[in-house]
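Working notes for the structure below.
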Amino acid sequence: MSLRLAWAPVVFGALGVTAVIAVIAVSACSQTTPPADEPSDDQTTTSKPTKDGGSGNNGGQIPTTPGKDASADSGVCKTTPPTNRCGLVPQCGCGTNETCDVTNPQTGATSCLTAGNMTLGRPCSQSGQCVQGLACVFGACRPYCESPTSKCTAPGTDFCMSIADKGSPNPDLAVCSITCDPRMPQAVCGQNTCIWFPKEYIPAKFTDCNAPGPGVQYDLCNSVYDCGPGLACVMHPTQGQECERWCRLGQVGDCGIGLTCKDAFGSDAPTIDGIKLGVCQD
């Protein structure tokens, strides 16, 4: 499944992001060798659900029983209704190189998909491009979670977000945000951008890898989704709302000649490694 989440803009000071989800569109830090950022052509052929999950006996996985909790002692897979084909959290019921994914966003129905090679936060257009256990949501590979508004426990993730489908949250559509640095998104997100969301799930504030926008520095923008990697959509005092480069407040060299790192977000600004971020302005 590949979704993209679009938010209407709210201005921090004069710009920000609203909590209304308008459209469904939306590496781990410990990885030693990041994969290629672009999904390979071969992976696009593996995105369709495989017949019976690719095996006639759950691919050697533990038995599946609707409504039962998965545990090492019981050897039972907690499957996801309504189809109970496999389990989303924790992943179970599929073959060795398969992922349990929501393949019908309207009903929450699940199927087993052949996995790809794109890791946490990396660009994708369909779940078949992501490594086993990750789904393609908001343009990035990420895990599902089952308790919206709670903290995710998977390494490199933060907040469990509920996805809205036609205005109503689907109980099976909840995914983890991905911890990243808006100023240097490539470390975790690859060619994706890292977006800062301070107001969508108040009081929670978090970053997330997301498909990048087309805007370059100083391009006009309407939302955070309009700007490319390393840029924020903020209100300039004289130029209006534009894509501006993220920077570290009080640090030398982030902005270049003629620009200063300014605090455009106030108390809503992200903090990375103990340093508050702003944007480069003249």
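Bear in mind that the values here come from a model prediction, so they are computed numbers and not experimental data.
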Report task. Before giving the answer on disulfide bond (SG atoms under 2.5 Å apart), spell out for C136 and C124 the whole-Å C-alpha distance, their side-chain angles and the decisive distance to 0.1 Å. Result -> CA-CA 6 Å; C136 184; C124 59; 2.1 Å; yes

Query raised in the report: With no hydrogens and no angle check, do the side chains of T110 and T80 hold a donor and an acceptor under 3.5 Å apart?
Result: no

Requested in this report: Please say which of C255, C280, C247 ends up in a disulfide bond (SG atoms under 2.5 Å apart) with C261.
Outcome: C247

**Report entry** Shortest non-hydrogen contact between R85 and G93, atoms and distance
**Finding:** NH1-O, 3.2 Å

Report task. Hey, could you give me the CG/NE2 distance between L220 and H236, rounded to the nearest 0.5 Å? Result -> 11.5 Å

Requested in this report: Can you see which heavy atom on S177 is nearest to which on T207, and at what distance?
Outcome: CB-O, 3.6 Å

Query raised in the report: Hey, what's the ring geometry for F197 with Y225, parallel, tilted or perpendicular (30° and 60° as the breaks)?
Result: tilted

Tell me which donor-acceptor pairs under 3.5 Å the side chains of residues 148-155 have, and how far apart each pair is, sequence neighbours excluded?
unit_1: S150; atom_1: OG; unit_2: S147; atom_2: O; d: 2.4
unit_1: K151; atom_1: NZ; unit_2: D158; atom_2: OD1; d: 2.5

Query - C160 and C176 SG atoms under 2.5 angstrom apart - result: no

Query - Check: Q132/Q91 side-chain N/O donor and acceptor closer than 3.5 Å - result: no

Query raised in the report: Would you say the SG of C194 sits under 2.5 Å from the SG of C180?
Result: yes

Query raised in the report: Looking at CG of L231 and CG of D226, how far apart are the two atoms once the value is rounded to the nearest 0.5 Å?
Result: 11.5 Å

Report summary line: When rounded to the nearest 0.5 Å, the distance separating CG of L88 from SG of C100 is 4.5 Å

**Report entry** Considering all heavy atoms, the nearest T79-P81 contact
**Finding:** O-CD, 3.7 Å

Requested in this report: Indicate, with yes or no, whether the SG-to-SG separation of C86 and C92 is under 2.5 Å.
Outcome: no

Query - Residue from N97, T119, T99, L120 passing side-chain contact (heavy atoms from CB on, under 4.5 Å) with V131 - result: T119

Query - N-O pairing of K262 and E244 below 4.0 Å - result: no

Requested in this report: Check step by step if salt bridge (charged side-chain N to carboxylate O under 4.0 Å, His left out) holds for R183 and D254.
Outcome: CA-CA 9 Å; R183 190 178 68 91; D254 281 0; 3.6 Å; yes

**Report entry** Joint cluster assignment, L173 & Y201, ILVMFWY side-chain distance < 4.5 Å
**Finding:** yes

Query - From NZ (K199) to NZ (K205), nearest 0.5 Å - result: 7.0 Å

Report task. Measure SG to SG for C189 and C209 and state whether it is below 2.5 Å. Result -> yes

Report summary line: Shortest non-hydrogen pair, V279 vs A264, comes out as CG2-CB, 3.7 Å

Report task. Run the salt-bridge test on D208 and R142 with the 4.0 Å N-O cut-off and return the result as yes or no. Result -> yes

Report task. Could you grab the distance from atom CD1 of I275 to atom CG of L249, nearest 0.5 Å is fine? Result -> 9.5 Å

Query raised in the report: Quick check: are the SG atoms of C94 and C112 less than 2.5 Å apart?
Result: yes

Requested in this report: Determine the interplanar angle of the F265 and W246 rings, folded into 0 to 90°, and report it as parallel if under 30°, tilted if 30 to 60°, perpendicular if over 60°.
Outcome: parallel

Query - Minimal non-hydrogen separation, N192 against P185, with atom names - result: O-CB, 3.9 Å

**Report entry** Shortest non-hydrogen contact between G228 and T193, atoms and distance
**Finding:** O-OG1, 3.6 Å

